[in-house]
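Here is the naming used below: chain letters follow the sequence lines, and residue numbers restart at 1 for every chain.
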Amino acid sequence: MRLGAKSKTPTFSDAFLQCARCKKTLFRREFEANLSVCPYCSHHHRLSAAQRIAITFDVDSFVELDSDLASDDPLSFPEYSEKLAGAVAKSDRLDGIVCGTATIGKLPVSIAVSDFGFMGGSMGRVAGEKITRTLERGADRGIPSIIFCASGGARMQEGLLSLMQMAKTTAAVERCRSAGTPYIAVFTDPTMAGVLASYASIADVILAEPRALIGFAGARVSKQAQVVKAPDDFQTSEFLLKHGMIDRIVPRKELRDTLESLVALLGGGK
Amino acid sequence: MRLGAKSKTPTFSDAFLQCARCKKTLFRREFEANLSVCPYCSHHHRLSAAQRIAITFDVDSFVELDSDLASDDPLSFPEYSEKLAGAVAKSDRLDGIVCGTATIGKLPVSIAVSDFGFMGGSMGRVAGEKITRTLERGADRGIPSIIFCASGGARMQEGLLSLMQMAKTTAAVERCRSAGTPYIAVFTDPTMAGVLASYASIADVILAEPRALIGFAGARVSKQAQVVKAPDDFQTSEFLLKHGMIDRIVPRKELRDTLESLVALLGGGK
Amino acid sequence: MSTAPKTWKEWEKPLIELEEALGKLQELANRATGTERDRLLEKIKGFEKRRDRYLDTKYHNLSAWEEVLLARAEPRPYTLDYINALFRDFIELQGDRRHGPDNAILGGPAFFNGQRVMVVGHQKGRTISERTHRNFAMSRPEGYRKAIRLFEMADRFNLPVISFIDTPAADPSVESESRGISEAIAASMLSMFELRVPTIAVVIGEGGSGGAIGIGIGNKVLMMEHAIYSVIPPEGCAAILWRAPERGAEAADALRLTSRSALELGLADEIIPEPRGGAHRDPAVAAESVGAAIQMHLDQLCKMSPDALKQHRYERFRSVDGLREASPSDLPLGK
Amino acid sequence: MSTAPKTWKEWEKPLIELEEALGKLQELANRATGTERDRLLEKIKGFEKRRDRYLDTKYHNLSAWEEVLLARAEPRPYTLDYINALFRDFIELQGDRRHGPDNAILGGPAFFNGQRVMVVGHQKGRTISERTHRNFAMSRPEGYRKAIRLFEMADRFNLPVISFIDTPAADPSVESESRGISEAIAASMLSMFELRVPTIAVVIGEGGSGGAIGIGIGNKVLMMEHAIYSVIPPEGCAAILWRAPERGAEAADALRLTSRSALELGLADEIIPEPRGGAHRDPAVAAESVGAAIQMHLDQLCKMSPDALKQHRYERFRSVDGLREASPSDLPLGK
Ligand SMILES: [Zn+2]
Ligand SMILES: [Zn+2]
């Protein structure tokens, strides 16, 4: 495992940092003990995949799989190889999705966690493949799948191949449905576009962290298309809850328990 | 068959009548040749079950079934026996639903037609039973079912037994779904309450005649509950189409052809 | 009939007086000693007997109209009270994936005596703001569509469905009609008929017409002793039939909407007895009875195969009115 | 690249001049006689050859960007043009049973060469009012939910599904987001994966990202020769990557969005050739080609069992990117 070898939190100094929302100065130790949630404004800062896994699943239960699947540049898209190499170097990982198996409350689950730090968590062939394998593992082993979403959408540098990931991952959700294995999605900041419009939105149960950005269209597109003025909470967790698109908004500190209960309640297999 | 032995159209004299909507005087012969649609304002006047069957299905193809099922008074509800006897005497029928088999474009169908003239087409035990048998016949024989709705809702004089007809008829729709036999509903004026909220609304295809009254709540209840002012077309075919609840509004003169095509297209059985 | 009560509190008046007297006696007894104390305790016992006798007599002889008023009474336990008492780890799931949350119907998975189940129910409110929040337990289309999601999930994950019914009616507003309240109710029933897991519906208070049966397609339909189940509110029935909504008590009689009538008509499978004086006098005992009844039926149903459960539910509602095999001679008006 | 055309009409200019000249010659020829007439007819033949040569050369060598402009051209045949040409007794069914009609996606049952099928497709408009009515073929959530209803009906009644894809994108408005456009697209794809009838998707013009693939889960995915299929509009791609929407032509190249690229990448199963100069020059011939291709694939698919069809569709999309069995050594960056 190379989990989070180089992951970073918003820096200020080594001992302090600044809340990305209210800009207050925070003790790093306290902040991290508080799961990277600001104690003043309760802003939920983004987590790396490694951090997420550490605070969510049973200690040392995570076994990473498919970590050797590496994104490549199938279309020879301008500047893509360089960007990809940069992301790999920065993260010491080959793709933004970390997946494998773990336990929660001692129950086995198939999991995937998206790292927004890796090219904005965008979904190319490899991200789609890892999500698909995660869901298929859930279906094949008769265990629940849990996916933490964090993505700007499809990775356009892989063109139509990226679009096809929407279909492929959806096909994997269908496998879970046929197998009768639960699939729980957690929307974290941000969950957008091609990811939202495929496997993310058709989970059996959808949880979201408070005030995450969640939407179909990028802000620019959306603004152009606006006849109706967008409400203040547009494309937030709260907006989605209000429109029935998610099941609960769960503060980070309750997320582990909620997932544990859901896994126990929805069980695995028929 | 005693179809429509005593059925009536709005009277004025023997040769003339008055449009119920625009009040213009109409030649009865022309009016009937025009399927009881006003040539001036195109108001679709209510039809008796007999008239409906005559203008819809292949000539002489209708075979009535279950005509001997008679409504009774299971709760000894005040004044119900008398009302029922009156309706029977007036219509020379035992219930408001006329059902059986017929052909349309030479293809066999299981059909039921509600007669608003019989106690407002209200659904008691017998109406529910006849609808249920109609749908079950469709499922069992692998042929499409067609139901013409016209009802004020459940028949309250049969109390909870009437409410149970909502469940029973819905169960019959489920049988059609399982059997893969199509079920087409036609909403005619009026289609309300317990009928709309059960078998009517879950047909595979829903057609409606223009400007029929269609709704869940009676006008009185609805008015009390109104926070929002009702739009002018509230509870009409046009309102339902605008809200996605029906598939097409079909003028009476095109209805036969539309049904014929649908029956041919959706076929029978898997 | 013009003297029909307007609220359940009317017949509780003598009771309140009795209980006030009891309270005073108890105070005196607490301060008294010796024979005086014994005398007071004796008196208290006597008063308690009188109270119990009154409750027994009154609550076993409520008129249909009084049952209506009691079924609507605010202190009665609501769905969440039963969930809190009988279920563990209930996780409410709110999305209908179409329009928005509905607070008049809630639901989610939970443990019931250690068994994984899906629970769905109408929820009333007690305070004014709760009631508004719950829309008086009158569900909008999104409530039924959320229920459908939960039913389908229950089917996929093999969770028995327990539904609690307690609604005056589905929401009849213009908005509800715009979003297809009729279709939502019908589709919810249809979805329950498709399930291959056990379903148990418990009418805990008001079983109000389409709004109630929309989540009421149980393999077993149970009713609390003082619950009602009706095709129309008696006031509405009186208004339509006699243009006299004030004749609700008469209509209540005619509609045969009590649990006893439903059992006699074969439309309910069991009556769950309530504690002396109604569920609200001892919610814990009431919940215990509900829990025991659910468990008993659940045990039976869980022995059946998925296909058998679906078929059983179909048969139950197909035959519930005794007409299935009807031929002319069965019916008085038949020829 | 700064000289990239802004509309397909730019490269049709020489053509228009040619055809004007042709028209004049024809007029002269009509009035001429004898050798003069022969000379003119000869000249006409020459001009026609030049026109055809121009069309052949030009239309076989369009740049990716030109393909984008052509795919968006208003005279191209739209879904309803193909339905009218190839299907009989089409009955449009409009209800989504949730919110309202959607005019950007239409569908219903119809006969295709005598066979009962379900046809669903995006619909563009030509006049300004048609375009507004069709919301520029940008479907709202209700369009996809209507499509789901039709897919499920097709499955129940054993009708193969033919979908025509022609949309710039799904509608990205605030209203669409409020009603769950993302969920609707995903659920529509999911529904197509569940089908046990043949599905054939034909990209006839613009295959615009999620809005396109939402109804694009075919056992076979066919593309018209001059259709495009892209994860993002090239202008949007250029705007995001280079903050220069005007560099759409470059992005179009990079995105590999032409039918030829899709075929090469294994993402399309067949390219349907268009008449010389594009489908709009001879819609009848174009429709004939589309019909023939559909019929050919339909014949093959109809031989498969319902379960095999579902599995086939899953396999197709599961393996489409060649990664299914990928191990590290397959990939350049793998370690
Ligand atoms: Zn803060
Ligand atoms: Zn008129």
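Within the 4.5 angstrom heavy-atom criterion, atoms from both the backbone and the side chain of B:I206 approach chain D. With a 4.5 angstrom heavy-atom cutoff, D:Q115 does not touch chain B via any of its atoms. Looking at B:I246, the atoms closer than 4.5 Å to chain D (heavy atoms on both sides) all sit in the backbone: N, CA, C or O. If you measure heavy-atom distances from B:L262 to chain D, the contacts under 4.5 Å come from both the backbone and the side chain. When heavy atoms are compared at a cutoff of 4.5 Å, B:T258 approaches chain D by way of both its backbone and its side chain. Using a 4.5 Å cut-off between heavy atoms, D:R98 contacts chain B through its backbone alone, with no side-chain atom that close.
Atoms CG and CD1, from B:L266 and D:I91 in turn, are 8.0 Å apart once rounded to the nearest 0.5 Å. With rounding to the nearest 0.5 angstrom, the CG atom of B:L265 is 9.0 Å from the CE atom of D:M118.
Residues D:H99 and B:H243 have side chains not in contact (no heavy-atom distance under 4.5 Å, counting atoms from C-beta outward). Between D:M153 and B:V205, the closest side-chain pair of non-hydrogen atoms falls below 4.5 Å.
In this structure a side-chain-to-backbone donor-acceptor pair under 3.5 Å is present from B:R248 to D:E92. Side chain of B:D247 to backbone of D:G95: a donor-acceptor contact under 3.5 angstrom is found.
Among all heavy-atom pairs drawn from D:P101 and B:K242, the shortest one is CD-O, 3.1 Å. Taking both residues in full, the closest heavy atoms of B:D204 and D:R149 are given as O-NH2, 2.5 Å, listed atom of the first, atom of the second, then distance.
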